[in-house]
Amino acid sequence: MLLIPIPEHGRLRDMIFLFIRLALIHARVLLRNPVCLLLSLATALLTLLLPLAFAHTFGNTAARLAQDGGLAFQFVAGIVFAAYAACAITGSARASGTEALTLAKPVSPTLLFLARYAGIAGGLALFCVTTATATLLAMRIAEAFSPATGYCIDFTTATIAVASAILACLLGALLNRFRNASFHASVFVLLPLLLIVTAGSSGFYNRLGAWQSPPAYTLDVAILTAALRIGLALLMFAALTQVLALLLKPVSVGAAGLLILALGLTLPGISPAGSSPLRWLSMAIVPDWQAFWTTSASGLVPPPMPGALWLYAFCYITAILILGVHLFNRSEHA
Amino acid sequence: MKQTALETIALTKQFRDFWQRITVTAVKEVSFQVATGTVFGLLGPNGSGKTTTLRLMTGLLHPSSGCIRILGDSPTSLQTRRRIGYLPETDGFYEFLSGRDNLRFYAGLFGYSGREASRRADTLLDTVGLIRDAHRPVGEFSKGMKRRIGLAQALLNDPELLILDEPTAGLDPAGCRQVKELLRQRAQSGRTVVVSSHLLADIEDLCESVCILHQGRVVAQGRLAEMLEQREQHRFTTGVLTTAQCESLQESFLSITGSAALMDHPHRALESYFTQVVEQVGQPSS
């Protein structure tokens, strides 16, 4: 039996519109969630302020520590974000009755489940854009040497970046006051936009804040590929927790998620090295998180790695979602 | 002979725990038929299996055994869902969206274009008396208003079969009357309505036939008029009589039947009296 029926001619367009409609409403529910905003804002601020707190660099450059710190924040907070989003979206749809009412309309459970994942993935993508931009800015803020300025922390960028986060909150409050827009959703969307503007404007001044024209960028954009790979790992975790949320209560989802996370971090160490069938089997069941953490060696990874990772993540997410669709189709929605 | 819009045959629903042990049998061997163009009532005390039966009808729950045919098809078929309207016990609205946007969203699930969805939303908001509150978030609505907008969403696709779980719960008498009038009109236009309620007056006003459930089993079913008719008694209704006429009639009854007849003034329904009083107070004095 096909889980996703092949639509009749002319119905495909309707199905795509329906999918987009459902994904958007789930993304809206997620963006309005104060916990998600709190996670995004806290991670961005912690990442931005991290370079100001370094007392010792342990032989590394401050930028390198800021980079690793920012990516670690993205991974850890992202794991919490993904698990919370999956539980909150699934739980609220059940509790409010929107799931039952949607399924009482001509909507297939398969489409609803996949659209829900797309909505969560959208929120997660926005979270990753925020944290990746914050990491990029943190690396610029971190103490560094240049012939023109000597060793110094870029307080100008730090000030503008933190101010942009505050500005996002202020604009969110204004939009809420005058347009009745959701404060949480507005800030969630404005924060990455303003951080990107901050990153874009950072080329117009040097580390001491003096104007420079033409603009000279010192942002290490290679780090974005590492952030993207972490985002990919988070998408895998979101799929996993969304399926777990169908079966378990939120606390149990958190515990099971943590167990899978821990297994994924330790299994590569104890399973046979290389590409033995046993290693592939273990990676097929428990995601190999280590494979996504490849920022050592100056933040760049060997060229064949990303392609294999994309394929691995795609296969894993597809398999998990097929399992989820199967469970969702079998489950009752009262 | 009317066609059958809905039929359940030996419908049973058992709920199970994690270990697949049966925790409760909510519906046991329930069989009934609903004719097209009628209003059918599901009656029963709390926990009798009314809501479970309705959820089985909409395909949200899967029967443990037995089967349901809705408009000649399975309730899980998307084609069937295109032809039915459902008002659940809980509201099922996005509380941050306005009433109009909620209706537009649910209309969109039927594949209506933006313009058509807006047209249907506005028409139904007017029908249920919420057009003035169309732009308020549903989260700010009272229970009665939520019920009204719930009814509006159930009517979005002009369904052939309307399944309503406690449609008048939380409504004021005027609202109840409006809803009942709306449902009567739908039945007159050939649509079928299935209503679940424990408000006996509503069911009595609305339904042509009923099914009474108790502990998941059908304990009585049939045409309401036949069920309530007391064939062992007769009643005559006349205009106002004088005392002498009453006494004369009593004597006649006594001589013919050998026993005295009960004679009193008929009572009107409280709902009708209440509505009249409220309407009189609401009218501006001339």
Side-chain angles (χ1 to χ4, degrees), chain A residues 5 7-8 10-34 89 92-112 115 119 176 180-185 247-249 252 328-334, chain B residues 13 15-16 18 26 51-52 54-64 75-98 101-102 104-114 117 135-139 146 150 153-154 156-157 159 163 165:
Chain A
E8 297 164 26
R11 291 245 174 235
L12 184 64
R13 196 179 67 104
D14 293 347
M15 200 182 260
I16 291 169
F17 278 129
L18 192 56
F19 178 83
I20 293 170
R21 188 182 289 274
L22 289 167
L24 281 177
I25 194 78
H26 284 109
R28 280 183 77 175
V29 172
L30 187 63
L31 296 194
R32 297 177 68 90
N33 193 307
I89 291 280
S92 74
R94 280 179 181 172
S96 67
T98 52
E99 180 180 290
L101 199 51
T102 303
L103 289 173
K105 309 285 183 227
V107 174
S108 99
T110 301
L111 198 71
L112 178 61
N176 179 256
N180 277 337
S182 158
F183 172 77
H184 304 116
L247 304 167
L248 306 170
K249 291 189 172 141
S252 310
F328 195 62
N329 272 288
R330 281 171 55 92
S331 61
E332 298 186 316
H333 311 278
Chain B
K13 178 63 190 172
F15 290 102
R16 292 166 188 272
F18 180 80
T51 298
T52 304
L54 293 192
R55 286 174 179 168
L56 287 163
M57 284 177 195
T58 51
L60 295 172
L61 294 179
H62 310 147
S64 305
T76 52
S77 143
L78 294 187
Q79 288 307 318
T80 306
R81 287 178 182 177
R82 207 171 279 284
R83 297 163 69 193
I84 65 170
Y86 173 51
L87 171 67
E89 201 176 18
T90 51
D91 303 308
F93 288 113
Y94 292 97
E95 300 227 318
F96 60 89
L97 290 182
S98 68
D101 287 345
N102 263 301
R104 276 166 46 83
F105 170 74
Y106 282 115
L109 301 186
F110 287 98
Y112 297 130
S113 66
H135 296 285
R136 275 176 66 191
V138 169
K146 282 183 179 170
Q153 72 74 25
L156 275 168
N157 56 330
I163 299 170
D165 198 351

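To find a chain, count down the sequence lines: A is the first, B the second, and so on, and within it residues start at 1.
- At a 4.5 Å heavy-atom cutoff, B:I163 makes no contact with chain A through either its backbone or its side chain.
- Heavy atoms closer than 4.5 Å to chain A are found nowhere in B:E95, neither backbone nor side chain.
- Taken to the nearest 0.5 Å, the CZ atom of A:R28 stands 10.5 Å off from the OH atom of B:Y94.
- A donor-acceptor pair under 3.5 Å is absent between the side-chain atoms of A:R21 and the main chain of B:L109, judged by distance alone.
- You'll find the side chain of B:T90 stays beyond 4.5 Å of the side chain of A:S96, heavy atoms only.
- Checked by atom type and distance alone, the side chain of A:E332 pairs as donor or acceptor with a backbone atom of B:H62 at under 3.5 Å.
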Going through the distances and angles, do A:L103 and B:Y86 end up as a side-chain contact (heavy atoms from CB on, under 4.5 Å)? CA-CA 10 Å; A:L103 289 173; B:Y86 173 51; over 6 Å; no

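- Both the backbone and the side chain of B:R82 come within contact range of chain A, with heavy atoms under 4.5 Å apart.
- In this structure, no portion of B:F18 lies under 4.5 Å from any heavy atom of chain A.
- Distance NZ/A:K105 to CG/B:L156: 6.0 Å, rounded to 0.5 Å.
- Annotation: the span from B:F93 atom CZ to A:L101 atom CG amounts to 6.5 Å, rounded to 0.5 Å.
- Only the backbone of A:S331 comes within less than 4.5 Å of a heavy atom in chain B; its side chain stays farther off.
- Here the CZ atom belonging to B:F96 is positioned 4.5 Å from the CD1 atom belonging to A:I25, to the nearest 0.5 angstrom.
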